[in-house]
Amino acid sequence: QVQLVESGGGLVQPGGSLRLSCAASGSIGSINTMAWYHQAPGKQRELVASIVSGSSTNYAESVRGRFTISRDIAKNTVYLQMNSLKPEDTAVYYCNVKGRRIGTWTWFDAWGQGTQVTVSL
């Protein structure tokens with residue numbers, strides 16, 4: 001089993017900042033991709049940012065230049081620094097981690113429980 005624990009969501013005013021964290025634990029042999037998705041009410045879940053293996057990153061056009069994804073390999077933790085937040089960033093943010101289980105080396109695809117981010121006056 002692989003578990004993800006997210007933290008850092010909350011209410012912030014437009015133009016403010018938040019930092020999300022997601023720590024992975026359990027039967028992890030290696031991690032390939034760590035990513036953040038968001039889902040607004042009535043909309044599909046969308047990729048916000050991802051980081052692959054060492055440091056290759058990818059961002060949704062709507063957040064490029066405002067959000068930064070990073071990871072601490074030793075802690076199996078991924079972060080999302082969100083700056084210049086806008087009301088349209090309001091959504092539930094989910095962490096996703098893909099990798100291989102220790103021992104069997106089978107692939108896992110784990111999701112966090114989600115954390116609410118609300119950008120409002």
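These figures come from a predicted structure and were not determined experimentally. One-based numbering along the sequence shown.
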message: Donor-acceptor check, side chain of E6 to backbone of T115, threshold 3.5 angstrom: yes or no?
response: yes
task: Could you tell me whether a side-chain N or O of Y93 sits under 3.5 Å from a main-chain N or O of Q39, the two making a donor and an acceptor?
output: no
- prompt: Could you go step by step and tell me if W111 and Y37 meet the ring pair (Phe, Tyr, Trp, His ring centres under 6.0 Å) rule?
  reply: CA-CA 10 Å; W111 289 88; Y37 289 73; 5.0 Å; yes
- prompt: Is a donor on one side and an acceptor on the other found under 3.5 Å between the side chain of R101 and the backbone of Q1?
  reply: no
task: Measure across Q116 and V92 and return the closest heavy-atom pair with its distance rounded to 0.1 Å.
output: OE1-CG2, 3.3 Å
Atom pair CG (N58) and OG1 (T33), whose distance is rounded to the nearest 0.5 Å: 10.5 Å
task: Quick one: list whatever passes side chain to side chain donor-acceptor pair (under 3.5 Å) with S30, sequence neighbours left out.
output: none
- request: Using the side chain to side chain contact (heavy atoms under 4.5 Å, CB included) rule, take F108 and K98 through it: C-alpha gap first, then chi angles, then the decisive distance, then the call.
  value: CA-CA 6 Å; F108 68 82; K98 296 180 178 67; 5.7 Å; no
statement: Contacts of K86 meeting side chain to side chain donor-acceptor pair (under 3.5 Å) (sequence neighbours excluded), chain-then-number -> none
Between side-chain atoms of residues 18-28 and protein atoms elsewhere (two or more places apart, or another chain), which donor-acceptor pairs fall under 3.5 Å?
none

task: Can you sort out the partners of R66 under salt bridge (charged side-chain N to carboxylate O under 4.0 Å, His left out), two or more places apart, ordered by chain and number?
output: D89
field: Listed partners of E88 passing salt bridge (charged side-chain N to carboxylate O under 4.0 Å, His left out), at least two apart
entry: none
Any W36 side-chain heavy atom under 4.5 Å of L47 side chain: no
- request: Decide yes or no on side chain to side chain donor-acceptor pair (under 3.5 Å) for T104 and T106, but give the supporting numbers first.
  value: CA-CA 5 Å; T104 63; T106 54; 3.0 Å; yes
Under 3.5 Å, which donor-acceptor pairs do the side chains of residues 78-85 form with other protein atoms, sequence neighbours left out?
from : atom 1 : to  : atom 2 : distance (Å)
Q81  : NE2    : N83 : OD1    : 2.9
N83  : OD1    : S17 : OG     : 2.9

- prompt: Is the shortest heavy-atom distance from the side chain of R71 to the side chain of I31 under 4.5 Å?
  reply: yes
query: How close do L4 and G112 get, heavy atom to heavy atom, and via which atoms?
result: CD1-N, 3.5 Å
- request: Answer yes or no: is there a side-chain heavy-atom contact under 4.5 Å between L11 and S120?
  value: yes
statement: Scanning both residues in full, the closest heavy-atom pair of A35 with I69 reads CA-CD1, 4.2 Å
message: side chain to side chain contact (heavy atoms under 4.5 Å, CB included), that's the test. Do Y59 and V48 meet it? Break it down for me.
response: CA-CA 6 Å; Y59 294 93; V48 175; 6.0 Å; no
message: Checking the side chain of T77 only, and the main-chain atoms of D72 only, is there a donor and an acceptor separated by less than 3.5 Å?
response: no
query: So which heavy atom on N96 is nearest to which on A110, and how close?
result: ND2-O, 3.0 Å
